[in-house]
Amino acid sequence: MKEDIKATVRNILTSYLEQNTLRKTPERFAILDAVYDMDSHFSLEELGEKLNGELRFPVSRATLYNTLKLFMELRLVIRHRFQGATKYEACYDNNSHCHQICTVCGRVTEFRSKRITEAIGAVHHKRFRKDGFSLYVYGICSSCQANLTKQATKRKKNKANQVNTK
């Protein structure tokens with residue numbers, strides 16, 4: 001399935017470049033492949049590290065930025081702003097979903113909700129065609145909540161010990 005998606009997005013890029021008489025550079029296709037190999041949201045730096053390190057295909061920051069901008073125009077990549085950090089993700093086959101964002105550690109997880117999808121689908125907008133949606137739900141993940149609870153319990157014990165020693 002993933003290879004089918006990669007072939008499809010490569011065809012979309014190739015068609016666009018040919019129709020607009022733009023160069024079909026190896027960098028554009030290497031970046032596209034790297035984006036669609038990423039398993040989750042990624043930063044510009046993480047994409048650069050993957051290309052420069054793992055794939056041994058060095059690409060400048062400017063090339064990454066400009067290429068991702070092109071991919072966003074083609075709706076192959078979407079950009080998110082999660083708590084002050086810019087993250088990207090491949091979106092050709094995943095353009096409608098929800099994100100849970102922990103306000104303590106910043107971890108982002110995706111989830112799907114049939115009810116939310118149906119509710120958004122039922123909304124009719126004047127003079128606007130929906131392509132997809134991203135919903136952001138902010139809160140505290142279970143790991144951070146457990147740590148906060150431990151810290152609060154520890155503080156209570158320390159206060160009780162201080163009172164008992166007086």
Side-chain angles (χ1 to χ4, degrees), residues 1-113 116-117 120 128-151:
M1 168 101 168
K2 198 168 193 173
E3 291 305 315
D4 291 342
I5 292 167
K6 282 175 70 172
T8 301
V9 295
R10 281 177 143 264
N11 287 337
I12 290 168
L13 178 60
T14 299
S15 296
Y16 177 82
L17 296 174
E18 288 173 353
Q19 288 171 2
N20 292 282
T21 60
L22 298 171
R23 295 180 356 181
K24 293 186 269 184
T25 64
E27 290 83 2
R28 287 177 171 152
F29 289 95
I31 293 168
L32 185 66
D33 288 341
V35 163
Y36 276 82
D37 284 339
M38 301 293 261
D39 291 326
S40 62
H41 305 95
F42 58 90
S43 66
L44 197 66
E45 292 76 21
E46 291 165 335
L47 180 59
E49 288 170 9
K50 181 177 182 78
L51 285 158
N52 291 324
E54 183 182 323
L55 301 176
R56 298 183 190 270
F57 198 101
V59 177
S60 73
R61 185 174 175 85
T63 298
L64 282 175
Y65 181 79
N66 291 330
T67 303
L68 285 177
K69 187 176 175 183
L70 170 65
F71 293 169
M72 285 186 292
E73 290 171 16
L74 295 174
R75 302 277 299 143
L76 301 176
V77 170
I78 191 167
R79 178 177 51 207
H80 300 282
R81 294 280 297 157
F82 297 134
Q83 292 210 285
T86 301
K87 297 282 188 167
Y88 300 87
E89 73 176 317
C91 68
Y92 176 74
D93 64 329
N94 190 23
N95 63 352
S96 294
H97 58 282
C98 307
H99 300 87
Q100 296 176 147
I101 304 163
C102 179
T103 55
V104 176
C105 69
R107 184 172 59 204
V108 177
T109 53
E110 291 185 8
F111 70 95
R112 295 193 185 284
S113 168
I116 292 171
T117 302
I120 291 174
F128 183 79
R129 181 184 59 90
K130 292 178 282 199
D131 289 331
F133 71 88
S134 287
L135 175 69
Y136 304 110
V137 179
Y138 294 93
I140 300 174
C141 70
S142 58
S143 298
C144 289
Q145 185 59 53
N147 287 337
L148 291 171
T149 302
K150 282 181 196 175
Q151 291 171 2

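Residues: numbered from 1 along the sequence shown.
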Just to verify, what does Gln100 make a side chain to side chain contact (heavy atoms under 4.5 Å, CB included) with, not counting sequence neighbours?
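Checked Gln100 against side chain to side chain contact (heavy atoms under 4.5 Å, CB included); matches are Thr109, Phe111.
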Might you confirm whether atom CG of Asn11 has over 12 heavy atoms from other residues, nucleotides or ligands at distances under 6.0 Å?
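Counting other residues, nucleotides and ligands, CG of Asn11 exceeds 12 neighbours.
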To the closest 0.5 Å, what do you measure between [atom1] ([X]) and [atom2] ([Y])?
X      : Y     : atom1 : atom2 : result
Ile78  : Tyr88 : CD1   : OH    : 12.0 Å
Asp4   : Thr8  : CG    : OG1   : 6.5 Å
Ile116 : Ser96 : CD1   : OG    : 11.5 Å

Please table the atom pairs, donor to acceptor, closer than 3.5 Å between any side-chain atom in residues 20-32 and protein atoms at least two apart or in another chain.
unit_1 : atom_1 : unit_2 : atom_2 : d
Asn20  : ND2    : Tyr16  : O      : 2.8
Lys24  : NZ     : Glu18  : OE2    : 2.8
Thr25  : OG1    : Arg28  : N      : 3.3
Arg28  : NH1    : Arg23  : O      : 2.5

Verify, without hydrogens or angle tests, whether Tyr36 (side chain) and Tyr92 (backbone) share a donor-acceptor contact under 3.5 angstrom.
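Yes, Tyr36 side chain to Tyr92 backbone: donor-acceptor pair under 3.5 Å.
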With a cut-off of 3.5 Å and sequence neighbours excluded, list every side-chain donor-acceptor pair involving residues 129-139.
unit_1 : atom_1 : unit_2 : atom_2 : d
Arg129 : NH1    : Asp131 : OD1    : 2.5
Arg129 : NH2    : Asp131 : OD1    : 3.2
Lys130 : NZ     : Ile120 : O      : 2.8
Lys130 : NZ     : Gly121 : O      : 3.3
Lys130 : NZ     : Val123 : O      : 2.5
Tyr136 : OH     : His80  : ND1    : 2.6

Option passing side chain to side chain donor-acceptor pair (under 3.5 Å) with His41 (candidates Arg79, Glu46, Glu110)
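In the set Arg79, Glu46, Glu110, the residue that makes a side chain to side chain donor-acceptor pair (under 3.5 Å) with His41 is Glu110.
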Sequence neighbours excluded, which residues qualify as salt bridge (Lys or Arg N to Asp or Glu O under 4.0 Å) partners of Arg107?
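Testing Arg107 for salt bridge (Lys or Arg N to Asp or Glu O under 4.0 Å), a comparison that skips the adjacent residues, returns none.
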Salt bridge (Lys or Arg N to Asp or Glu O under 4.0 Å) against Arg61, all qualifying residues, sequence neighbours excluded:
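In terms of salt bridge (Lys or Arg N to Asp or Glu O under 4.0 Å), with neighbours along the sequence ignored, Arg61 is linked to Glu45.
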Taking all atoms of both residues into account, what is the closest heavy-atom pair of Cys102 and Cys144, and its distance?
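Taking every non-hydrogen atom into account, SG-SG, 3.7 Å.
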Report the C-alpha distance between Cys105 and Ser143 in whole Å, list the side-chain angles of each, state the deciding distance to 0.1 Å, and finish with yes or no for side-chain contact (heavy atoms from CB on, under 4.5 Å).
CA-CA 9 Å; Cys105 69; Ser143 298; over 6 Å; no
Please set out all donor-acceptor pairs under 3.5 angstrom arising from side-chain atoms of residues 63-71, sequence neighbours excluded.
unit_1 : atom_1 : unit_2 : atom_2 : d
Thr63  : OG1    : Ser60  : OG     : 2.9
Asn66  : ND2    : Ala62  : O      : 3.2
Thr67  : OG1    : Thr63  : O      : 2.7

So, do [X] and [Y] sit near enough that their side-chain heavy atoms are less than 4.5 Å apart?
X     : Y     : result
Arg10 : Asp33 : yes
His97 : Glu89 : yes
Leu13 : Val9  : no

